[in-house]
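All remarks here apply to the structure that follows.
Since we're looking at a predicted model, the values are computed, not measured.
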Amino acid sequence: MAHPSEPAASRRPRRTDAARNAQALLAAAKELFDERGPDVALDEVARRAGVGNATLYRHFPTRRDLIVAVYADEVTALCEQGAALLEADSAGEALFTWLDDFVVHVATKRDLALAGTENNDERRTELFDDWHRAMRSTAEKLLTRAQQAGAVDTGLGVDDLLALTSAAAIAATGTDHARQLLRVMRHGFGGAQAQ
């Protein structure tokens with residue numbers, strides 16, 4: 001931290017360096033997660049980003065913080081899409097359009113989703129809680145609207161909806177299978193309707 005008597009101009013480069021370091025860490029982590037999964041050594045992330053371990057931990061105190069930050073843009077995009085879908089004509093279609101993208105997101109980031117939520121005895125980080133709240137809020141608004149339109153059973157809660165959708169994504173063999181499982185959830189086991 002800059003000394004209070006230090007001129008503001010001399011503090012600016014440090015803030016710029018910090019922002020540059022954070023971006024380098026996120027880029028390196030995304031590359032390594034895509035290559036080898038979320039269990040890659042954090043030392044390796046720091047090395048690839050060209051910074052020291054202390055810099056990595058200053059920006060991302062836990063692996064979960066790093067995982068959530070790497071995919072924050074995707075979570076933001078999903079939440080923005082959900083907000084836009086609240087204006088769609090069909091509330092039921094809007095909900096399942098969003099769930100389709102959600103299930104694909106989780107299916108393609110399955111290892112990351114598990115790494116971000118395992119070890120429930122550990123305290124969740126603030127970044128993870130922010131992500132969880134944003135996704136839950138988006139799903140809840142879409143679900144409530146679909147229920148009010150009579151498109152979805154009013155007894156279904158948002159936590160159950162997200163748990164079932166996430167479970168389908170994690171159990172699926174790929175994105176097509178995840179989407180098929182979502183269709184089965186939507187239509188039930190009613191023969192031709194589940195196709």
| request: Find out whether V106 and T165 are in side-chain contact, i.e. whether some heavy atom of one side chain is under 4.5 Å from a heavy atom of the other. | output: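 V106 does not reach T165 side chain to side chain.
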| field | Check: F33 and K109 side chains under 4.5 Å, non-hydrogen atoms | value | no
What is the minimum heavy-atom distance between [X] and [Y], and which atoms define it?
X    : Y    : result
A91  : A149 : CB-CB, 3.9 Å
L56  : A46  : CD1-N, 4.0 Å
A169 : A178 : CA-CB, 4.2 Å

With a 3.5 Å distance limit and no angle check, can you tell me whether [X] reaches the backbone of [Y] through a side-chain donor-acceptor pair?
X    : Y    : result
S137 : R133 : no
Q147 : L156 : yes
R63  : V40  : yes

| field | With L142, the side-chain contact (heavy atoms from CB on, under 4.5 Å) member among V152, L161, L85 | value | L85
Measuring from atom [atom1] of [X] to atom [atom2] of [Y], what distance do you get when rounded to the nearest 0.5 angstrom?
X    : Y    : atom1 : atom2 : value
L95  : R145 : CG    : CZ    : 10.0 Å
D39  : L32  : CG    : CG    : 12.5 Å
F60  : L42  : CZ    : CG    : 11.0 Å
L182 : F96  : CG    : CZ    : 6.5 Å
T138 : L143 : OG1   : CG    : 12.5 Å

| message | Assess, by modelled atom type and distance only, whether the side chains of R183 and Q180 contain a donor and an acceptor separated by less than 3.5 Å. | response |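 Judged by distance alone, the side chains do pair up.
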| field | Pair T76, D73: side-chain N/O donor-acceptor within cut-off below 3.5 Å | value |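 There is no such pair between these side chains.
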| message | By the side-chain hydrogen bond (donor to acceptor under 3.5 Å, both in side chains) test, which pairs, at least two apart or in different chains, include something from residues 83-106? | response | E74-H105, Q81-D101, E93-R186, D100-R179
| message | Taking side-chain contact (heavy atoms from CB on, under 4.5 Å) as the definition, give me every residue that meets it alongside E140, ordered by chain and number, with sequence neighbours left out. | response | R136, T144, V158
| task | Mind checking side-chain contact (heavy atoms from CB on, under 4.5 Å) for A168 and listing every partner two or more places apart, or none if nothing turns up? | result |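 With neighbours one apart ignored, the set is L181, M185.
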Run the side-chain hydrogen bond (donor to acceptor under 3.5 Å, both in side chains) test against [X] and tell me which residues pass, sequence neighbours left out.
X   : value
D43 : N53
E31 : R48
T55 : R58

| field | Worked verdict on Y57 versus L66 for side chain to side chain contact (heavy atoms under 4.5 Å, CB included) | value | CA-CA 9 Å; Y57 290 112; L66 183 59; over 6 Å; no
| field | Residue pair M135, F102: steps toward the side chain to side chain contact (heavy atoms under 4.5 Å, CB included) verdict | value | CA-CA 9 Å; M135 295 294 265; F102 176 80; 3.4 Å; yes
